[in-house]
Amino acid sequence: MNGHRQPTLMPLIVERDIKTRLAQLVGEIAEEASGQQLVVVIGLLKGSFMFLADMARLFYIHSIPLAIDFMMVSSYGAGTESSGRVEMTRDITTSIENQWTLLVDDILDTGRTMEFAEHHLRQKRPSKLKTCVLLDKPDRRVVPFHADYVGFTIPDEFVVGYGLDHNGRYRELPNLSVLSDKP
Ligand code: IMP
Ligand code: MG
């Protein structure tokens with residue numbers, strides 16, 4: 001981002017459209033998980049917090065009991081580009097052995113974060129491990145990762161709001177916007 005100009009937020013997906021899509025998405029997941037006594041939902045911090053909170057309340061409507069946990073991974077490097085190395089900074093404390101498990105993140109970009117997290121969780125032997133992202137930027141993929149559930153497929157733009165940040169800012173915004181330094 002150009003430090004001399006005020007960044008501009010251009011709305012990409014508004015709150016109401018996010019809510020509509022989430023209802024469909026959770027409906028599909030609930031159908032696949034129906035009959036399960038418990039679904040473990042694991043969110044990747046920090047970006048998934050708002051998405052996960054809204055999804056959790058929709059699972060409640062579908063009478064699917066949840067256990068919710070979080071893990072945190074970080075990629076080396078600053079700004080909007082990462083160096084490609086991912087490390088875990090917080091593991092889950094819930095056992096997922098023999099549990100129907102859903103891994104959730106805000107956005108699938110190069111794919112490295114979700115590939116790392118999925119590989120890590122698979123070693124804990126869940127009975128099923130499904131992956132879900134709110135946003136997918138397929139043009140940016142570096143590793144061949146495919147999410148089982150995708151909210152929206154978007155072009156290669158830097159997006160903030162609804163949990164997604166730029167340098168720690170904008171996570172609280174209810175809409176998803178493209179961050180641009182063009183006036
Ligand atoms: P990946 O490992 O390259 O797939 O990156 C995924 C992570 O990068 C996400 O969890 C986000 O934290 C961050 N990220 C990638 N693209 C964006 C974006 O457009 N806005 C905000 N964060 C992003
Ligand atoms: Mg993130």
Side-chain angles (χ1 to χ4, degrees), residues 1-3 5-15 17-19 21-22 25 29 40-56 68-92 101-123 129-182:
M1 267 332 112
N2 184 326
R5 287 201 196 124
Q6 195 63 11
T8 317
L9 294 175
M10 293 177 299
L12 181 69
I13 305 168
V14 298
E15 199 175 1
D17 295 338
I18 297 171
K19 283 209 180 331
R21 180 68 187 120
L22 255 57
L25 207 56
I29 302 169
V40 185
V41 180
I42 298 171
L44 284 172
L45 290 173
K46 303 170 185 168
S48 71
F49 82 95
M50 201 176 279
F51 179 39
L52 193 150
D54 282 345
M55 291 221 315
I68 298 173
D69 204 340
F70 294 94
M71 63 185 279
M72 192 166 188
V73 303
S74 66
S75 2
Y76 291 95
T80 58
E81 295 294 327
S82 65
S83 65
R85 286 180 59 205
V86 180
E87 67 167 0
M88 185 171 58
T89 52
R90 187 211 186 261
D91 198 357
I92 54 170
T101 303
L102 182 70
L103 170 63
V104 175
D105 200 8
D106 53 356
I107 187 164
L108 196 48
D109 189 34
T110 65
R112 290 189 183 110
T113 301
M114 281 296 269
E115 186 194 52
F116 177 94
E118 192 200 29
H119 177 79
H120 174 77
L121 293 179
R122 215 169 269 295
Q123 290 168 341
L129 181 58
K130 291 282 172 176
T131 55
C132 175
V133 291
L134 174 66
L135 302 173
D136 186 5
K137 289 199 278 199
D139 296 347
R140 295 258 311 162
R141 203 74 89 253
V142 172
V143 296
F145 189 90
H146 173 85
D148 297 307
Y149 298 98
V150 173
F152 302 93
T153 300
I154 60 166
D156 180 10
E157 305 267 22
F158 198 82
V159 178
V160 297
Y162 199 70
L164 289 91
D165 76 308
H166 179 253
N167 292 338
R169 294 280 318 279
Y170 310 114
R171 292 193 199 273
E172 74 279 23
L173 304 182
N175 299 328
L176 286 157
S177 297
V178 171
L179 186 69
S180 146
D181 63 359
K182 295 186 193 85

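In this chain, residues are counted from 1 in sequence order. In each ligand, atom 1 is the first atom listed, and ligand 1 is the first ligand listed. Everything quoted here is computed from the prediction, not taken from an experiment.
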**Prompt:** Are D106 and K46 close enough for a salt bridge, meaning some N to O gap below 4.0 Å?
**Reply:** no
**Asked** Given that the side chain starts at C-beta and the backbone is N, CA, C, O, which of these parts of D105 lies under 4.0 Å from ligand 1, counting heavy atoms, or is it both or neither?
**Response** side chain
**Message:** For L164, state whether at least one heavy atom is located under 4.0 Å from any atom of ligand 1.
**Reply:** yes
**Asked** Is K137 near ligand 1, meaning one of its heavy atoms is under 4.0 Å from it?
**Response** yes
**Prompt:** Nearest heavy atom to atom 23 (C) of ligand 1: which of I107, L44, V159 does it belong to?
**Reply:** I107
**Complete:** Note: heavy atom closest to atom 18 (C) of ligand 1, options Y170, F158, F145, belongs to F158
**Asked** Below 4.5 Å, heavy atoms only, C-beta onward: do Y162 and L134 meet side chain to side chain?
**Response** yes
**Asked** Is D69 salt-bridged to R90, cutoff N-O under 4.0 Å?
**Response** yes
**Request:** Return the minimal non-hydrogen interatomic distance between V143 and R112, and the atom names on each side.
**Result:** CG2-N, 3.7 Å
**Prompt:** Hey, what do you get for CD (E15) to CG (L173), rounding to the nearest 0.5 Å?
**Reply:** 10.5 Å
**Closest to atom 7 (C) of ligand 1 among V86, L12, T113 (heavy-atom distance)** = T113
**Prompt:** In ligand 1, which numbered atoms sit nearer than 4.0 Å to a non-hydrogen atom of T110?
**Reply:** 1 (P), 2 (O), 3 (O), 4 (O)
**Prompt:** Which ligand 1 atoms does D109 reach within 4.0 Å, using its non-hydrogen atoms?
**Reply:** 1 (P), 3 (O), 4 (O), 5 (O), 15 (C), 16 (N)
**Proximal ligand 1 atoms for R112, defined as those under 4.0 Å from one of its heavy atoms** = 2 (O), 4 (O)
**Item:** R140, portion touching ligand 1 at heavy-atom distance under 4.0 Å
**Value:** neither
**Request:** For E157, counting its heavy atoms only, list the atoms of ligand 1 lying under 4.0 Å from any of them.
**Result:** 19 (O)
**Request:** For the pair D181 (side chain) and P7 (backbone), establish whether a donor and an acceptor sit closer than 3.5 Å, ignoring hydrogens and angles.
**Result:** no
Throw together a table of side-chain donor-acceptor distances under 3.5 angstrom for residues 144-155, partners on residues two or more places apart or in other chains.
from, atom 1, to, atom 2, distance (Å)
D148, OD2, T131, N, 2.9
D148, OD2, T131, OG1, 3.3
Y149, OH, E32, OE1, 2.1

**Item:** Min N/O separation M114 to ligand 1 under 3.5 Å
**Value:** no
**All salt bridge (charged side-chain N to carboxylate O under 4.0 Å, His left out) counterparts of R169, not counting sequence neighbours** = none
**Fill in**
Counting heavy atoms under 4.0 Å, the part of D165 that contacts ligand 1 is backbone
**Request:** For ligand 1, find out whether one of its N or O atoms is nearer than 3.5 Å to an N or O atom of G111.
**Result:** yes
**Any donor-acceptor N or O pair under 3.5 Å, side chains E115, H119** = no
